[in-house]
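Computed from a prediction, not measured in an experiment: that's the story for all the values here. Counting starts at 1 for both ligands and their atoms, in listed order.
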Amino acid sequence: MSAVLANRVALVTGAASGIGLAIVQRFVAEGARVIAVDVEGSPLERELPETDTLRTVHADVTAVDAPGDLLRAAEPWGGIDILVNNAGICLPGSVFDQSDESWARTFAVNVTAPFRLARAVAPAMRDKKWGRIINLGSIMSDFGGPSLCAYGASKHAVAGFTKSLAVDLGPFGITANYLQPSAIWTGMSRPFMDDPEFRAYWEGKAPVGYIGEPADVAGPALFLASDEARFVNGMGWRICGGAMARF
Ligand code: NAD
């Protein structure tokens, strides 16, 4: 049986930890060649030593040159087939205390960088008549939350942007979808998880009875990146153990 992502080249942002790291490991295991990008160089190199099928790039996805640099990094492998816009930040703030700076930085990382990367990879995907774009939304792409003004707005923007991508790119064999995790054990969620009430809330709310791991998001990402998912386009998938199905 051939590997699901044999002969595919993937670009995964925010690859040094959490969900991005799990996606890189899963994609490599399924035969992809992966360019793994993160703004934090040391954890990236520690977690993902380079191999014949894995290249790491220490870069800030918001940098003006980032899309061009990453396209060039993929050139020796024939360009990017799968883009996973996973890098994201959560800078908590309510309408009373969210600063202009934290709002702007949230949108730069969570929305503008995914847009600029999608714009960079789309022409070659169109020429190949095959491509996959997977953006990381959140259940906050559908709902609001306490002190998540900028984060919630940015994840709603990811939903709208992805649906527009799906419409524009579908005619060329390119799909665009977004994943919507609830609370998942990662560095981003750690400060929230340290609050026993928060943890108990999510353990209780999810009918499966536990909080998800990064690998629980990597599996759905693998499916969306595969040939099997060619008719799944413009969708947001809640990866929440059923938490959001409960009234
Ligand atoms: P994480 O903090 O563990 O990983 C995010 C990675 O992105 C880090 O390695 C970080 O260095 C990198 N990064 C941040 N800014 C960057 C930049 N400008 N350029 C390049 N890399 C950058 O967080 P995570 O939980 O794995 O989050 C991954 C994605 O999943 C995010 O988009 C997040 O919003 C989304 N998400 C996470 C959860 C959760 O509970 N963990 C829930 C819903 C959605």
Side-chain angles (χ1 to χ4, degrees), residues 11-26 35-48 56-67 69-70 73 83-92 102 104-117 133-145 148 150-159 161-162 178-195 198-199 201-203 205-206 210-218 220-221 236-241 243-244:
L11 171 62
V12 181
T13 69
S17 65
I19 293 167
L21 177 60
I23 291 174
V24 171
Q25 290 168 333
R26 192 72 202 271
I35 299 187
V37 190
D38 205 284
V39 71
E40 299 291 343
S42 324
L44 184 68
E45 282 151 27
R46 186 182 62 240
E47 298 292 342
L48 294 171
T56 53
V57 179
H58 177 195
D60 182 335
V61 289
T62 68
V64 174
D65 296 337
D69 291 347
L70 293 168
L83 168 64
V84 184
N85 277 313
N86 166 79
I89 55 171
C90 180
L91 302 174
S102 65
R105 182 66 186 163
T106 301
F107 270 74
V109 178
N110 294 4
V111 185
T112 309
F115 161 67
R116 295 183 72 242
L117 284 170
I133 298 177
I134 301 163
N135 294 326
L136 262 292
S138 161
I139 50 168
M140 294 303 153
S141 300
D142 290 331
F143 301 100
L148 290 175
Y151 184 77
S154 75
K155 292 301 182 180
H156 274 69
V158 167
F161 159 57
T162 312
Y178 58 109
L179 294 170
Q180 299 183 253
S182 60
I184 302 289
W185 285 108
T186 69
M188 179 185 284
S189 63
R190 186 73 52 193
F192 303 98
M193 300 283 201
D194 285 344
D195 172 357
F198 179 92
R199 215 170 50 235
Y201 173 78
W202 282 105
E203 279 164 355
K205 189 165 167 60
Y210 54 84
I211 287 169
E213 302 283 344
D216 293 317
V217 185
W237 276 359
R238 293 183 194 158
I239 314 296
C240 64
M244 308 315 290

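What you find for Gly14 and Asn86 is that their closest heavy atoms are O-ND2, 3.0 Å.
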As a quick check of understanding, evaluate salt bridge (charged side-chain N to carboxylate O under 4.0 Å, His left out) for Arg105 and Asp60, giving each step before the final call. CA-CA 12 Å; Arg105 182 66 186 163; Asp60 182 335; 3.1 Å; yes

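Side chain of Arg238 to main chain of Gln180: no donor-acceptor pair is present (N/O by atom type, distance under 3.5 Å, no hydrogens or angles). Looking at His58, its side chain does come within 3.5 Å of a backbone N or O of Val39 through a donor-acceptor pair.
In this structure, CD1 on Ile184 lies 10.0 Å from CG on Leu136, to the nearest 0.5 angstrom. A distance of 12.5 Å separates CZ in Phe192 from CD1 in Ile211, rounded to the nearest 0.5 Å.
Near ligand 1, Gly14, Ala16, Ser17, Gly18, Ile19, Asp38, Val39, Glu40, Ala59, Asp60, Val61, Asn86, Ala87, Gly88, Ile89, Arg105, Val109, Leu136, Gly137, Ser138, Tyr151, Lys155, Pro181, Ser182, Ala183, Ile184, Thr186, Gly187, Met188, Ser189 each place a heavy atom less than 4.0 angstrom from the ligand.
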